[in-house]
Amino acid sequence: MKILLVEDDKALSARIQKLLENEGFRVDSAEKGSDADFLLSTESYDAMVLDLGLPDGSGVEWLQRWRRNQIEVVTLILTARDSWGDKAAGFNAGADDYVTKPFEPAELVFRLKALIRRAKGHAHPEIQIGELQLNTHTQQVYLAGLAIKLTAQELRLLSYLMHAAPAVVSRIELSEHVYDRDQEPDSNVIDVQISRLRKKLGGSYIVTERGHGYRVCEPEPASGKRVTDEE
Amino acid sequence: MNITRRTLILGALFTGVILPIFAWLMSYAFSQTVQQNFDDRLRVWLNVIAAELEVDATGNLIPLESLGDRRFERIYSGWYWQLATDTEILYVSRSLWDQRLFQSLDGTRGNLILRDGVGPQEQQLRVAERDIILPNFSEPVHIMVAGDASEIAEQVRAFQQLLWAGIGIIALLLVVLSTLQLRWSLAPLRKMRKDLQRLKAGQQRRLQRTFPSELQGVAEALNDVLARDESLVQKSQETAANLAHSLKTPLAVMRAGLPDLPEATAQEWRDQLQRVENTIQYHLSYAAHLGAAKFSGRIAVNDELAPLVTMFTKLAEAEGKQLEYKGAPLQWAMAKNDLQQVFGNLVENALKFAHQRIVIGLVVEQNALVVEDDGPGIAEHDYANVLARGGRADEQKDGQGLGLTMVADIATHYGARLELGRSALGGLKVSFRLVE
């Protein structure tokens, strides 16, 4: 998942970035509203963590502007202000949730994950597709009730595909949202990792939609249109 | 004792002392004048008698004919005259009949004496007497004229009756006029008191009327003090908020760094950070509503809560919970931030602990905000602990406690009643009732 973190305090920004990366998120950070504005116009994000007190205008004003410009990325407000009026103003500007500073790191991660999950249309913390289950809180994958051991990169890949399911995810989208900017892979690397995942999951949970990308779905009897790499 | 009562009592005292003294002086002056007039009349009669006296060729005094006043003829009328020498009484008025007047033995020669005397039948008389020497008469003739002194007393008594009746009416008029004068004079003070009551009730923030010049200065000074006080409180709140906000980001950094520490150390740090955060939050909240009750205008509760209702409805939906809000047109004398803090803290708690439902209502009859949920609630014996104002906020864990403690604190500042109970939904029911 690709997160935009907008926080002007360098020390806090670095801490949050590290925290989120440890949780498997890919994080871009911006210190000012204008930097975030640029990133939002050029990249796509799964969620945004937005501090309300920015040096070049309040987070509420920036959020209003982005919403006006049809940038609908789900947003979690980070605020040092206790005033409920400020929080409500953030919500009315288009935020989806808030966390008050100082926050418990686990709470920030929990809320962010829940926000992304809900934004992708999953009401429950466990995303279940056939016998394949992803616990979004513990980041553990189960197949028919048995835990599957995945590498961090495999987990990110599968998690993104499962969140997006049943939609098709393109290779470009995967490379942007799952891989770090400095290690953006070529399509071959993605194919290799998908192949590994298929071996670990068994069955045909990950389907290749030729010319479009991948999607995760409940295995069905083979169909003429659907092709897997193993075919 | 209020000013009206003081002034009336003082006025009554003055009236009770000054008017009788005035009446006594009037009465005294009048009786003096009446007596003076009476004496003058006696003196005239005495001169008339002296002028009428004649001695015949044999050296005898010719008896007096009628003086023209019938009172000297009517027996014991109180009006008498008497002519005498040192040795014998020569003539008396018919009115004296068989009685005689007692004449002064000394001092009458050449002098007019005016004195009180006693006549027939113990009559109180006023007597004028003097000696005159007549040509061809061997001895000085002692002339006495007496008048009925009860006439003087009667006139004085009649005057006094009129006087005291007048004094009574004047006193009554004075009391009535003083009361009217007081009411009119003190009307601006009453208006000022009404303004101050409205100020206290949060219906206005300053004394807005134009007062008489004597009070205008006071009103302006009071407005200045209010403005200064308000600005001081506002600045203090801003300072407290700035301090708190500036501490929160470093605290967040420390929090975010906790996962890098060994778990035992991290837990200890987590607990200590929580204490610091709770203390900041509690005291910031305390500072925020300090003095607010005094400076608050009246606000429409529904309108101020609307953005929060929207927010919490969205949050509840996201968590798969149902939030019902039933508004009412309540007007409270409360700072907007405090109202939102009460609502936010109560609803945040309800949302955190509810299984499915949160019901929020504004109740006109009770002038209350009521928040209920279907969560686990709080055990009844813990109610007092939760509401203990300022009770070691730094020791409370984040959760139901601190939010409610802050609400309890705001309730105390506004004289509102905060009641906890069990909701029909199964969870906690919190009622915040503003007593006005």
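Order of the sequence lines sets the chain letters (A, B, ...), proteins ahead of strands, with each chain counted from 1. Computed from a prediction, not measured in an experiment: that's the story for all the values here. Basis for what follows: all heavy atoms, side chains included, without hydrogens, waters or symmetry-related copies.
Using a 4.5 Å cut-off between heavy atoms, A89(A) makes no contact with chain B at all. Contacts between Q340(B) and chain A at a heavy-atom distance below 4.5 Å involve backbone atoms as well as side-chain atoms. Residue F312(B) touches chain A through its side chain alone, counting heavy-atom pairs closer than 4.5 Å.
Put simply, the side chain of K248(B) never gets that close to the backbone of T100(A): no donor and acceptor are under 3.5 Å apart.
Counting heavy-atom pairs closer than 4.5 Å to chain A, the top residue among L247(B), V253(B), L251(B) is V253(B). The choice from A106(A), S13(A), G90(A), A11(A) that makes the most heavy-atom pairs within less than 4.5 Å of chain B is A11(A). Ranked by heavy-atom pairs shorter than 4.5 Å toward chain A, the options N337(B), V309(B), L315(B) are led by L315(B). If you tally non-hydrogen atom pairs under 4.5 Å between each of A241(B), A318(B), S246(B), P259(B) and chain A, the highest count goes to A318(B). Counting heavy-atom pairs under 4.5 Å between each of D51(A), L78(A), L108(A), D9(A) and chain B puts D9(A) at the top.
Shortest non-hydrogen contact noted between P307(B) and N92(A) is CB-ND2, 3.4 Å. R270(B) and E104(A) get closest at one heavy-atom pair: NE-OE2, 2.8 Å.
Between atom CG of residue D97(A) and atom CE of residue M311(B) there is a gap of 9.5 Å, rounded to the nearest 0.5 Å. How far CD of E348(B) is from NZ of K87(A): 5.5 Å, rounded to the nearest 0.5 Å.
For K32(A), the NZ atom counts as loosely surrounded, since its 6.0 Å shell holds 12 or fewer non-hydrogen atoms of other residues, nucleotides or ligands. For K429(B), the NZ atom sits in a loose shell: 12 or fewer heavy atoms of surrounding residues, nucleotides or ligands are nearer than 6.0 Å. A 6.0 Å sphere centred on NZ of K200(A) holds more than 12 heavy atoms belonging to other residues, nucleotides or ligands. Within a 6.0 Å sphere centred on CD1 of I172(A), heavy atoms belonging to other residues, nucleotides or ligands number 12 at most. Heavy-atom contacts from other residues, nucleotides or ligands closer than 6.0 Å to OH of Y142(A) number more than 12. The 12-atom threshold is exceeded at NZ of K321(B), counting heavy atoms of other residues, nucleotides or ligands nearer than 6.0 Å. The number of heavy atoms from other shown groups lying within 6.0 Å of CD (E131(A)) does not exceed 12.
At a threshold of 4.5 Å between non-hydrogen side-chain atoms, the residues K101(A) and T249(B) count as touching. Taking 4.5 Å as the limit, some side-chain heavy atom of W84(A) sits within range of a side-chain heavy atom of N345(B).
Every salt bridge (charged side-chain N to carboxylate O under 4.0 Å, His left out) that D260(B) has, sequence neighbours left out, goes to R15(A), K18(A).
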